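As the structure is a prediction and not an experimental result, all values here were calculated from the model.
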Amino acid sequence: MPSDAFSALGPRSLLDGMLALALVAAVLWLCAVAAVWGRQEKLIFRPDARPLGEIPAELAAVRFRRARVWTRDGLELAFWAAEPLLGMPTLVLFHGNAGNAADRAPALAPFAAAGYGVVLAEYRGYAGNPGCPSETGFLRDARAYLGWVASTWQEPSPILCGESIGSGVAVRMAMEQSVRAIMLDAPYTSVADLAAAMYRWLPARALLRHPFDTLSCLPLVRAPLLVVHGEADPLIPPEHGRRVAAAAGGPAEFVLLPGIGHPVLGNDPAGHGAAAVRSFLTRLARATDAAAGT
């Protein structure tokens, strides 16, 4: 190369090159920000459009039936429910972001067989229900289900169960109204915390439209709380579950299950998670009976 070619690569040319690279990087970063902003509903919510359909015979045998509820913003939601036997409390399940309520029926059917009422709440946008998933929408749906339980079964204080993204819904409802207890499977401190850890190079907290801030609600929740979390959870680190239990305003129990993934009740063939739930419910019933006897 001629010597004068090197002289052309002076400080100004290097500066221009660096500025051009910085501009390209900035454009790419802004494109990523725009993509996350525009697609976050697809990243957070993964609705399964399969309708719930007819009740399988094994679920009908433990009192499950099809039901419908109307939300305050005018949506009619289909779900499955098993009426409680006389004197038994009701479990209301808010499931995770994937699949639909029918997928959780096998895990809850034994509790219906034991006499508990069970509501497999189904969200807007899932299982053929109208509407689009969102944090605000999920909370409206949850309020509708709790209103249905109170008016249909005269149960004003059910036991709330939250799986994964549904854990934030359950905690928010427990903050808003009286409940007997809360049981959470693989909960998070907030979706904002998860997003910030996953997208460290983006202002994830500022971009998020659905923060699901569980941790800020918990000090106001006085009902007994059970948290079960799989030690091998690849989606929500167990430390989230530990922090959720520690932040509760009432008595709380944290159960960490070795070798279990996400969520616990759907990935626990040995049944250790279900055993922890049964133990919690038994102790809750004894405490309720003892309080009624005083």
Hey, does R124 have a side-chain heavy atom less than 4.5 Å from the side chain of D73? yes

Should the pair Y123 and F138 be assigned to parallel (<30°), tilted (30 to 60°) or perpendicular (>60°) ring geometry? parallel

Between F64 and A109, what is the shortest heavy-atom contact and its length? CE1-CA, 4.3 Å

Heavy-atom distance under 4.5 Å between the side chains of L218 and V244, does that happen here? yes

Between P158 and V179 the two heavy atoms that sit nearest each other are O-CB, 3.3 Å

Sub-4.5 Å side-chain heavy-atom contact between W153 and V119: yes

Quick one, P187 and H229 - any side-chain contact, counting heavy atoms below 4.5 Å? yes

Does the side chain of D193 come within less than 4.5 Å of Y188's, by heavy atoms? no

Going by heavy atoms in the side chains, are P237 and L194 under 4.5 Å from each other? yes

Side chains of H210 and E41: do they bring a donor and an acceptor to under 3.5 Å? yes

Inspect the contact between R172 and E176 and indicate whether a charged nitrogen and a carboxylate oxygen are less than 4.0 angstrom apart. yes

Check whether any side-chain heavy atom of R104 lies under 4.5 Å from a side-chain heavy atom of E163, and answer yes or no. yes

Atom CG in D141, atom CD in E122: separation rounded to 0.5 Å? 9.0 Å

Taking the side chain as every heavy atom from C-beta outward, state whether H272 and V255 have any pair of such atoms under 4.5 Å apart. no

